[in-house]
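Lettering follows sequence order; numbering is per chain, from 1. Atom set for the values below is all heavy atoms of this structure, side chains included, hydrogens, waters and symmetry mates excluded.
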Protein chains: 2
Amino acid sequence: MSASEQTNWQSVHDEVLRRIHTREWKPGDQIPKEVELAEQLGCARATVNRALRELAAEGFLDRRRKAGTRVSTHPVRRAKLDIPVIRLEIEGRGQKYGYGLLLSERRTPTPEVCANLGVSAKSDMLHITSLHLADRKPYMFEERWVSIDTVPEIVDADLSAISANEWLVLHAPYTKGDISFSAVLATETEAKILRTHAGAPLFLMERMTWEHDAGITAARLLFAPGYRMHSAI
Amino acid sequence: MSASEQTNWQSVHDEVLRRIHTREWKPGDQIPKEVELAEQLGCARATVNRALRELAAEGFLDRRRKAGTRVSTHPVRRAKLDIPVIRLEIEGRGQKYGYGLLLSERRTPTPEVCANLGVSAKSDMLHITSLHLADRKPYMFEERWVSIDTVPEIVDADLSAISANEWLVLHAPYTKGDISFSAVLATETEAKILRTHAGAPLFLMERMTWEHDAGITAARLLFAPGYRMHSAI
DNA sequence: GAGTGGTCTAGACCACGAC
DNA sequence: TCGTGGTCTAGACCACTCC
């Protein structure tokens, strides 16, 4: 600190982070209470509060009423993954986006979809498979189920012009969602579609969304070999 | 809203979210300005500000000075991945954590590490491989480089008792980090260590950290087949 | 230039939770 | 019980950016 500057919440944030980085305050240490820090740094308590709240959200601090604020002993690193619409992800890299609808059929869901999404075995659903391209090369193969009971308007959508995901983003906001990532081997069919060979390692992203307790959609997104998802932490 | 309740920032948050979900406010729509909302909902402008700021951070709103606040047309979904220390991740699931140091040698880095981490080819580094177990079964195989130039204290750490990651968390806070995820095939060596077969699909997490511009560590974490990383969105 | 969000302040009361 | 963070308020000034 020394002297200088207008004490805004960001400068408090940075100053606290600096003290943690320089190990002036070590993991597990209790740091001064808000009122004291405000006095030290010459600003209002609310300003300190804002800074410390952000630091806690970022995982650097543990805060508890009465117990005070401590430096995290195990800073759970929160990677913020931005999951954009595929089209924007591809275009954002300066590549040409392509999209093709492979199949769209109305049918009852598989037992697996029922269990995961929590819909009835007799429910009316749309089963869609499509392929997303980057610079004309297969980029991601998508297999998706959409509940017509929850989102009846989907049957009128032209899913050969707009991907199901983009349509859903605009027309069916969700209140709850789940996403998971894993590695799988390409089956023969998948390999053919993604123009690779069976047994290639594929990055799999599985997504499900609900509106309150009503299942909206379950999707399996298979990325072509070489895909890397990354993020700053 | 109707009437009722103490208007705190969370209730404002939820109310705005409700209006988005019910499509009272659609993607692209401009919503009332802070002062108006505060009036409508019967609270101070600062309270509305807090709620809208959080909603913007969550990706539901786009806010710009003078231009006002709009509902996002492409709600970039932010999956918040909590990346805990492996030990806590395993213990948190009620499994028994095990750890074994396989190798620790002092040497110069490979060209790849140099390029990625931005360290000199002649720099003094520690090359460590280790295996993490869950309920005595191989869970994750770790190959890591640590810069002795940046973190000299590492040479005195007993890395057979504490994993390099945990040691680093406690002793070498970083200011910048990068993490990426992909799918790869197990090599013969990796398969042997993870007790699977060559060609099995493995989930790969690569992490690098820096303190300002000084490279601290680069790690390749290979998870045993079946691993799934997941998150709520 | 003027409207909107971004932030700061000083003070107040509240609620959790350590003791 | 009572200390600490969590939040609200009313008012103020500032900074960005659209027109």
Side-chain angles (χ1 to χ4, degrees), chain A residues 1 3-17 19-20 25-73 75-76 78, chain B residues 1 3-17 19-20 25-73 75-76 78:
Chain A
M1 270 327 220
S4 73
E5 83 279 334
Q6 9 88 59
T7 333
N8 51 23
W9 75 266
Q10 289 218 15
S11 71
V12 175
H13 175 281
D14 293 349
E15 170 60 15
V16 171
L17 205 47
R19 294 191 189 177
I20 294 174
W25 294 337
K26 301 192 183 65
D29 284 1
Q30 181 164 0
I31 77 171
K33 58 190 88 169
E34 294 189 347
V35 197
E36 291 174 16
L37 266 181
E39 221 171 319
Q40 272 184 41
L41 305 179
C43 63
R45 187 188 148 218
T47 308
V48 172
N49 180 280
R50 169 85 189 265
L52 298 188
R53 195 199 320 139
E54 304 267 343
L55 284 162
E58 292 165 43
F60 293 106
L61 297 176
D62 288 330
R63 318 192 72 198
R64 283 196 333 253
R65 282 159 151 137
K66 168 77 178 180
T69 300
R70 289 174 181 279
V71 179
S72 297
T73 47
V76 172
R78 300 201 168 83
Chain B
M1 267 331 220
S4 73
E5 84 280 331
Q6 11 88 61
T7 332
N8 51 24
W9 74 266
Q10 289 218 16
S11 71
V12 175
H13 175 281
D14 293 349
E15 170 61 15
V16 171
L17 205 47
R19 294 190 189 176
I20 294 174
W25 293 337
K26 301 192 183 64
D29 284 1
Q30 181 164 0
I31 76 172
K33 58 190 91 169
E34 294 190 347
V35 196
E36 291 174 16
L37 266 180
E39 221 172 319
Q40 273 183 40
L41 305 178
C43 63
R45 184 187 151 220
T47 307
V48 172
N49 181 278
R50 169 84 189 264
L52 298 189
R53 194 198 322 139
E54 304 267 342
L55 283 163
E58 293 165 43
F60 292 106
L61 297 176
D62 288 331
R63 318 192 71 199
R64 285 207 320 263
R65 283 161 153 138
K66 167 79 180 179
T69 300
R70 290 174 180 280
V71 179
S72 296
T73 46
V76 171
R78 299 202 167 80

Asker: Distance alone, cut at 3.5 Å: any donor-acceptor contact between the side chains of A/Asp14 and A/Ser11?
Answerer: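 No, because no side-chain N or O of A/Asp14 sits under 3.5 Å from a partner of the opposite role on A/Ser11.
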Asker: Whole-Å distance between C/dA12 P and A/Glu34 CD?
Answerer: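 Answer to the nearest Å: 17 Å.
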Asker: How many whole angstroms separate atom CZ of A/Arg45 from atom C1' of C/dT7?
Answerer: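 The distance from CZ of A/Arg45 to C1' of C/dT7 comes to 17 Å, rounded to the nearest Å.
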Asker: Find the distance B/Leu41:CG to D/dT9:P and express it as a whole number of Å.
Answerer: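 The answer, rounded to whole Å, is 11 Å.
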Asker: If you check the A/Arg50 side chain, which of C/dT7, D/dG5, C/dG6 turns out closest?
Answerer: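 The nucleotide sitting nearest to the side chain is C/dT7.
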Asker: Quick one: B/Leu55 CG to C/dG5 C1', roughly how many Å, whole number?
Answerer: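 Atom-to-atom, B/Leu55 to C/dG5, this comes out as 15 Å.
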Asker: Using the side-chain hydrogen bond (donor to acceptor under 3.5 Å, both in side chains) rule, pick out the option among A/Thr69, A/Thr47, A/Asn49 that qualifies with A/Glu34.
Answerer: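 Passing option: A/Asn49.
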Asker: Could you tell me the separation between the CZ atom of A/Arg53 and the P atom of C/dC8, rounded to a whole number of Å?
Answerer: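 In whole Å, C/dC8 P and A/Arg53 CZ are 11 Å from each other.
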Asker: Return the value, rounded to whole Å, for the distance between atom CG of A/Asn49 and atom P of C/dC13.
Answerer: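 One finds 18 Å between P of C/dC13 and CG of A/Asn49, rounded.
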Asker: Under 4.0 angstrom, heavy atoms only, what part of the nucleic acid is B/Ala67 near: base, sugar-phosphate, or nothing?
Answerer: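 Sugar-phosphate contact only - B/Ala67 comes under 4.0 Å of backbone atoms but never of a base.
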Asker: Between B/Thr47 and D/dT9, is there a contact of a side-chain N or O with OP1 or OP2 at under 4.0 Å?
Answerer: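 Yes, within the criterion.
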Asker: Using whole Å, what does the distance between atom P of nucleotide C/dC16 and atom CG of B/Asn8 come to?
Answerer: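 Those two atoms, CG and P, are 12 Å apart.
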Asker: Testing the basics here: between A/Ala67 and A/Gln30, what is the closest heavy-atom pair and its distance to 0.1 Å?
Answerer: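 In this case the closest contact between A/Ala67 and A/Gln30 is O-NE2, 3.3 Å.
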Asker: Taking OP1 and OP2 of C/dG3, is either one under 4.0 Å from a side-chain nitrogen or oxygen of B/Arg65?
Answerer: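 Answer is no, no contact under 4.0 Å.
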Asker: Looking at every non-hydrogen atom in both residues, tell me the closest pair between A/Trp25 and A/Pro32 and how far apart they are.
Answerer: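 Looking at all heavy atoms of both residues, the closest pair is CZ2-CD, 3.5 Å.
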Asker: Can you tell me if the side-chain N/O atoms of A/Lys66 get under 4.0 Å from OP1 or OP2 in C/dC16?
Answerer: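 No, because none of the side-chain N or O atoms of A/Lys66 sits under 4.0 Å from OP1 or OP2 of C/dC16.
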Asker: Starting at the 5' end of DNA chain D and moving along, which residue's nearest nucleotide shows up first, A/Leu52 or A/Ala46?
Answerer: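 Checking each residue's closest nucleotide, the 5'-ward one belongs to A/Leu52.
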Asker: Determine whether A/Leu55 and A/Val16 make a side-chain contact, defined as any pair of heavy atoms from C-beta on separated by less than 4.5 Å.
Answerer: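 Side chain of A/Leu55 against side chain of A/Val16, heavy atoms only: contact under 4.5 Å found.
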Asker: Counting side-chain heavy atoms from C-beta on, which of D/dC18, C/dA18, C/dC16 comes nearest to A/Arg64?
Answerer: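 The nucleotide sitting nearest to the side chain is C/dA18.
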Asker: Please state how far atom CD1 in B/Ile31 lies from atom C1' in C/dG3, giving the value in whole angstrom units.
Answerer: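 To the nearest whole Å, that distance equals 16 Å.
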Asker: State whether B/Thr69 places a side-chain N or O below 4.0 Å from either non-bridging phosphate oxygen (OP1 or OP2) of C/dT4.
Answerer: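 No, because none of the side-chain N or O atoms of B/Thr69 sits under 4.0 Å from OP1 or OP2 of C/dT4.
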